[in-house]
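One structure is given below, encoded as structure tokens.
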Amino acid sequence: MGSAFLAVESLRKNRFNYPFIMSEPIRVRFAPSPTGFFHIGSARTALFNWLYARHTGGTFLLRIEDTDSARNTQQALNFLLDGMRWLGLDWDEGPDRGGDYGPYFQSQRGEIYKQYRDKLLAAGRACEKDGAVYFKLQGERKTVYDEFKKAEIEKVEAAPVTIRDAIHGDVVRAETQDFVIWRSNGDPSFHFVNVVDDIEMKITHVIRGEDHLSNSSKHVELFNALGATPPVYAHIPLILKSTGQGKMSKRDQGALIEEYQRRFFLPDAVRNYLCLLGWNPKTDEEIMPIAEIIRRFDLPGINKSNARFDEKKMAHFNTVYTQALGAEEFFEKGVAVLRAESALLQDADINYVKDVLSLCQPKLAGLEALPEYTRYFFAETYGEDVAAREKTLKKKGLAGVREVLAEFLIFADAQTDWADEPLEAALKIFAEQKGRSTGEYIHAARLAISGRSVGPSFYGLLRVLGKQRVASRINAWLSKPENL
RNA sequence: GCCCCCAUCGUCUAAUGGUUAGGACGCGAGAUUCUCAUUCUUGAAAUCGGAGUUCGAUUCUCCGUGGGGGCGCCA
């Protein structure tokens with residue numbers, strides 16, 4: 001029912017209707033160039049393509065634009081594929097999968113490009129100059145001084161072309177200079193292979209960053225010259241730096257997907273956040289399962305204006321997703337994190353680890369914090385936080401704390417039922433008898449047994465650590481030279 | 001310099017030719033709790049400016065301003 005309504009709704013709201021395209025099966029592609037790392041902007045572009053394919057039941061293909069032989073590395077490709085998989089962006093055609101329109105590496109498609117190049121050459125729409133092949137614009141030519149290039153160049157008064165864009169509407173723009181489609185080193189250029197492959201791979205919608213919008217007039221020129229119908233474009237807004245000027249670059253804090261992988265962010269959280277940069281589900285809810293996002297996603301719903309990246313909001317999403325993890329799943333992920341950070345002994349008792357993790361999950365902002373947060377559960381030497389010590393000692397001084405701890409030892413020793421509820425009830429009574437608040441015991445004991453002033457529920461902490469260790473840690477604390 | 005895109009709280013955004021302009025992050029206050037985190041309640045916070053169209057404009061048009069992008073034998 002909802003989807004039927006949405007379909008009607010999106011038709012009604014779609015200002016730019018291209019019915020002749022709608023009858024074809026939708027094919028979109030993500031076409032990265034593996035020259036560095038997996039940038040968050042690229043990931044968002046991949047995500048939007050993927051969402052659109054999944055929403056429409058179309059095909060999402062991955063094409064590797066590795067024409068610049070000098071810059072592409074296997075390692076960079078691996079970053080990309082890992083990142084895609086991590087985000088759950090599976091492709092229907094592409095590397096490791098094949099498909100009817102391969103190969104999906106541009107470095108393996110040289111013959112196809114040559115054919116298209118020769119076609120343009122033969123038609124007089126391209127010509128050779130200085131060893132490179134240029135696409136020839138049609139129109140009156142004159143040599144003028146260019147203020148930007150600070151040189152005399154030949155400009156062409158070509159007729160403007162229309163870039164049909166599902167987000168921006170029709171954008172009319174004229175190219176003014178011939179441009180290179182084949183470099184003198186023998187490699188075809190980006191603009192050229194991009195268009196040739198989109199023709200060959202029957203791409204119906206090109207969803208890419210708005211930084212390509214101005215280039216799109218070159219592409220439309222090429223489509224026209226090659227006798228092909230240009231695809232529908234969707235130039236999505238750019239992701240801007242969280243502070244300062246300009247779009248996010250790979251050197252910016254938080255710009256690389258690898259960073260979130262390394263910091264144990266939950267991919268679902270990252271993906272959910274990325275969906276909301278330039279698109280929204282038209283509800284007050286922002287956090288929702290990917291299936292729901294797929295159902296709601298559509299091109300006309302994408303925003304026109306650039307979005308500033310907000311790491312805090314993403315961290316919040318990560319917290320919410322971490323909290324929502326089932327106990328079993330949290331345990332699996334938690335153990336993986338602890339192992340990766342060597343925070344877990346090889347022979348750690350599985351039930352003990354389970355107890356620790358389920359105790360800590362409700363308080364944890366994200367898996368990244370887990371090793372530090374649980375350190376004292378897995379090691380007897382865990383250090384004492386300076387600020388925590390000061391905070392605890394400030395009120396009653398060392399002597400006062402020692403007195404409280406001594407009382408607490410008596411309390412602990414007397415407990416027969418070592419579980420959260422009984423401990424809580426008993427401590428309440430004990431404190432009352434002593435004329436103290438439970439907080440006095442809790443603060444002092446927490447410092448002695450964990451070295452912190454913050455942590456999980458105190459009674460759970462006692463339970464998981466066990467009576468013996470609680471007592472021995474407090475005794476150890478009391479006999480430390482600095483605590484005498 | 002030329003061309004293109006864009007403009008609602010600090011940020012991400014919703015909505016509308018007539019609304020108390022809504023939500024989220026962040027920030028402030030309060031409550032709860034053993035701490036922290038949560039949770040709950042709550043507060044502050046926006047329609048870039050100027051014309052025009054209109055009974056009425058944040059919404060439509062134009063101009064300005066501001067922001068972003070492009071102008072490679074990079075992609």
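On a predicted model such as this, the values are computed, not experimentally measured, just so you know.
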(message) On RNA chain B, does the nearest nucleotide to Gln245(A) precede the nearest nucleotide to Gly455(A) from the 5' side, or the other way round? Give the residue.
(response)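 Counting from the 5' end, the first nearest nucleotide belongs to Gly455(A).
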Polar atom pairs (N or O), protein with nucleotides 39-42 of chain B, under 3.5 Å:
none

Residues which pass side chain to side chain contact (heavy atoms under 4.5 Å, CB included) with [X], listed by chain and number, not counting sequence neighbours:
{"X": "Arg436(A)", "answer": "Lys396(A), Glu403(A), Val404(A), Glu407(A), Lys434(A), Glu440(A), Tyr441(A)"}
{"X": "Thr162(A)", "answer": "Arg164(A), Asp170(A), Val172(A)"}
{"X": "Glu152(A)", "answer": "Thr143(A), Tyr145(A)"}
{"X": "Glu311(A)", "answer": "Gln253(A), Glu259(A), Tyr260(A), Arg263(A), Phe309(A)"}

Expected rows: protein N/O vs nucleotides 59-64 of chain B N/O, under 3.5 Å:
none

Show every donor-acceptor pair shorter than 3.5 Å between a side-chain atom in residues 455-463 of chain A and any protein atom, with sequence neighbours excluded, or say none if there are none.
{"unit_1": "Ser457(A)", "atom_1": "OG", "unit_2": "Gly460(A)", "atom_2": "N", "d": "3.4"}
{"unit_1": "Arg463(A)", "atom_1": "NH1", "unit_2": "Asp420(A)", "atom_2": "OD1", "d": "2.7"}
{"unit_1": "Arg463(A)", "atom_1": "NH1", "unit_2": "Asp420(A)", "atom_2": "OD2", "d": "2.9"}

(request) Would you mind building the protein contact string for nucleotides 8-14 of chain B? One character per nucleotide, 5' to 3', B for base within reach (heavy atoms under 4.0 Å), S for sugar-phosphate only, - for untouched. (result) ---SBSS
(message) Suppose the criterion is salt bridge (Lys or Arg N to Asp or Glu O under 4.0 Å): which pairs have a residue in residues 314-325 of chain A, not counting sequence neighbours?
(response)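 Of all non-adjacent pairs touching residues 314-325 of chain A, none passes salt bridge (Lys or Arg N to Asp or Glu O under 4.0 Å).
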Kindly list each side-chain donor-acceptor pair under 3.5 angstrom involving residues 239-246 of chain A, sequence neighbours excluded, with atom names and distances?
{"unit_1": "Lys241(A)", "atom_1": "NZ", "unit_2": "Asp252(A)", "atom_2": "OD1", "d": "3.3"}
{"unit_1": "Lys241(A)", "atom_1": "NZ", "unit_2": "Asp252(A)", "atom_2": "OD2", "d": "3.1"}

(request) Please tell me which of the listed nucleotides, C73(B), U35(B), C71(B), lies nearest to the side chain of Lys363(A)? (result) U35(B)
Expected rows: protein N/O vs nucleotides 1-5 of chain B N/O, under 3.5 Å:
{"unit_1": "C3(B)", "atom_1": "O2'", "unit_2": "Arg173(A)", "atom_2": "NE", "d": "3.1"}
{"unit_1": "C5(B)", "atom_1": "O3'", "unit_2": "His168(A)", "atom_2": "ND1", "d": "3.0"}
{"unit_1": "C5(B)", "atom_1": "O2'", "unit_2": "Glu210(A)", "atom_2": "OE2", "d": "3.1"}

(message) Going by side chain to side chain donor-acceptor pair (under 3.5 Å), name the residues that satisfy it together with Gln106(A), two or more places apart in sequence or in a different chain.
(response)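 Glu65(A), Asp197(A).
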